[in-house]
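Some notes on the structure that comes next.
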There are 2 protein chains.
Amino acid sequence: MSDKNIPLEDEQLAEMCKALGHPARIQILKHLLDEDRCICGRIVEIMPLAQSTVSQHLKLLKDAGLVQGEVEGPKTCYCVNREMLARLGLTINSLIPHTP
Amino acid sequence: MSDKNIPLEDEQLAEMCKALGHPARIQILKHLLDEDRCICGRIVEIMPLAQSTVSQHLKLLKDAGLVQGEVEGPKTCYCVNREMLARLGLTINSLIPHTP
DNA sequence: CTACTTAATCGTTGATCGACGATAGGCGAT
DNA sequence: ATCGCCTATCGTCGATCAACGATTAAGTAG
């Protein structure tokens, strides 16, 4: 419910798009969707990037609202905010007039 | 028709998102959608940016495949590639599983 | 041909990004 | 309390971005 279905403001739209504007972050997002939820270290294993770099990318995605991270002891478990992602898709589609 | 409905590759998706990852370019895109087609100078009038800056933004959008520009005498007329924009929205939506 | 309009390109500057290694902090286990 | 693991943050460096003014290129009108 809530504002799940209202389009994003330009600023927020831009921020989310910017967050997706890097191949590594798209891959990270896809992995997160595949595994449903997973730990930073797991992504580091899979991507050819340093831990600090992956952590940065995750922070960016989190700041944009596309993923959420919850601390579980010494680890941090990330998962995609599907609602936001859906809202992003919706917003882009709603830009086009006459879209059935 | 053709590949209108197949999702974008990660690289292309990232490039398009990057192109939309700036408020000015979102505004430009929206204006282009509103006016259907318009000239660079028209956008310069409306945006608080220098002509060279607007031209740069348009080039970025064009390189990403989101807008098309055709030369009309001394002017260049831009319009949104709605098919691509739709495909972008579709691609983002298709990321999410169980999306009705 | 000249003068004007329009847009793209060049060159510059400061800011931000993307990547890394190194460091620091939090938590669990020993 | 200490050790080890996991992650976030810091500092750095080169590359790219965003913005501008100035210049160039291409057409049109006179």
Side-chain angles (χ1 to χ4, degrees), chain A residues 10-32 35-81, chain B residues 10-32 35-81:
Chain A
D10 286 6
E11 284 292 335
Q12 209 177 350
L13 174 57
E15 194 184 355
M16 282 196 192
C17 286
K18 193 161 156 188
L20 290 185
H22 193 289
R25 287 192 291 267
I26 297 218
Q27 278 189 263
I28 289 175
L29 196 86
K30 284 189 170 181
H31 258 295
L32 247 36
E35 312 237 347
D36 203 49
R37 52 199 342 270
C38 83
I39 257 167
C40 173
R42 173 73 185 136
I43 300 174
V44 174
E45 285 174 357
I46 283 162
M47 309 266 309
L49 293 172
Q51 178 269 324
S52 54
T53 307
V54 170
S55 186
Q56 252 184 192
H57 282 313
L58 283 167
K59 178 170 165 45
L60 248 169
L61 288 167
K62 203 175 109 197
D63 288 349
L66 285 168
V67 312
Q68 294 163 317
E70 49 182 294
V71 179
E72 286 186 0
K75 322 179 176 179
T76 307
C77 194
Y78 287 93
C79 65
V80 175
N81 186 338
Chain B
D10 286 6
E11 284 293 335
Q12 209 177 350
L13 173 58
E15 194 183 356
M16 281 196 192
C17 286
K18 193 161 159 188
L20 290 184
H22 193 291
R25 287 192 290 266
I26 297 218
Q27 279 189 261
I28 290 175
L29 196 85
K30 283 188 170 182
H31 259 295
L32 247 35
E35 312 236 348
D36 202 50
R37 53 198 343 269
C38 84
I39 258 167
C40 173
R42 173 73 185 134
I43 299 175
V44 173
E45 285 174 358
I46 283 164
M47 309 266 308
L49 293 172
Q51 178 268 324
S52 53
T53 307
V54 170
S55 187
Q56 252 183 194
H57 283 312
L58 283 168
K59 177 171 166 43
L60 248 169
L61 288 167
K62 205 175 108 197
D63 288 349
L66 285 167
V67 313
Q68 293 163 316
E70 50 183 294
V71 179
E72 285 184 1
K75 320 178 176 182
T76 307
C77 195
Y78 287 93
C79 65
V80 175
N81 185 340

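Just so it is clear: chains get the letters A, B, ... in the order the sequence lines come, proteins before strands, and each one is counted from 1.
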Legend entry - Nearest-0.5 Å distance that lies between atom CG in B/Leu20 and atom CG in A/Leu20: 10.5 Å
Legend entry - d(CG, A/Leu61; C1', C/dC17) in whole Å: 14 Å
Inset, instruction - Mind checking the CG-CG spacing from A/Leu58 to A/Leu66? Nearest 0.5 Å is all I need. - result: 11.5 Å
Inset, instruction - Could you tell me whether the phosphate oxygens of D/dG21, OP1 or OP2, come under 4.0 Å of any side-chain nitrogen or oxygen in B/Ser52? - result: no
Inset, instruction - Examine D/dA18: is either OP1 or OP2 under 4.0 Å from a nitrogen or oxygen in the side chain of B/Arg25? Give yes or no. - result: yes
Legend entry - Rounded distance in Å - NE2 (B/His22) to P (C/dT16): 11 Å
Inset, instruction - Check if the side chain of A/Thr53 and the base of C/dG18 share a donor-acceptor pair of N or O atoms closer than 3.5 Å. - result: no
Inset, instruction - Using atom CG of B/Leu58 as one end and atom C1' of C/dA7 as the other, report the distance to the nearest whole Å. - result: 10 Å
Legend entry - Candidates D/dC20, D/dT7, C/dT6 - which lies nearest the side chain of B/Ala50: D/dC20
Inset, instruction - Please check the phosphate of C/dA8 (OP1 and OP2 only) for any side-chain N or O of B/Thr76 closer than 4.0 Å. - result: yes
Legend entry - Side chain of A/Leu49 (C-beta onward), nearest among C/dC20, C/dA8, C/dC27: C/dC20
Inset, instruction - Tell me whether the OP1 or OP2 atom of D/dT28 has a side-chain N or O from B/Lys75 closer than 4.0 Å. - result: no
Legend entry - Side-chain N or O of A/His57 closer than 4.0 Å to phosphate OP1/OP2 of C/dC17: no
Inset, instruction - Report yes if the side chains of A/Val67 and A/Asn81 come closer than 4.5 Å at any heavy-atom pair, otherwise no. - result: no
Legend entry - N/O donor-acceptor pair, side chain B/Gln51 with base C/dA8, under 3.5 angstrom: yes
Legend entry - Rounded interatomic separation in angstrom, taking CD from B/Glu72 and P from C/dT6: 13 Å
Inset, instruction - For B/Gln56 and D/dT23, give me the distance from atom CD to atom C1', rounded to whole Å. - result: 15 Å
Inset, instruction - In whole angstrom, give the distance that lies between atom CZ of A/Arg42 and atom P of D/dC5. - result: 19 Å
Legend entry - Nearest-Å distance for atom pair NZ/C1', residues A/Lys59 and C/dC17: 14 Å
Inset, instruction - Give the rounded distance in Å between these two atoms: CG of A/Asp63 and P of C/dT16. - result: 15 Å
Inset, instruction - Report yes if at least one side-chain N or O of B/Tyr78 is closer than 4.0 Å to OP1 or OP2 of C/dT6; otherwise report no. - result: no
Inset, instruction - Check the pair B/Lys18 / B/Glu15 against side chain to side chain contact (heavy atoms under 4.5 Å, CB included), numbers first and verdict last. - result: CA-CA 5 Å; B/Lys18 193 161 159 188; B/Glu15 194 183 356; 5.6 Å; no
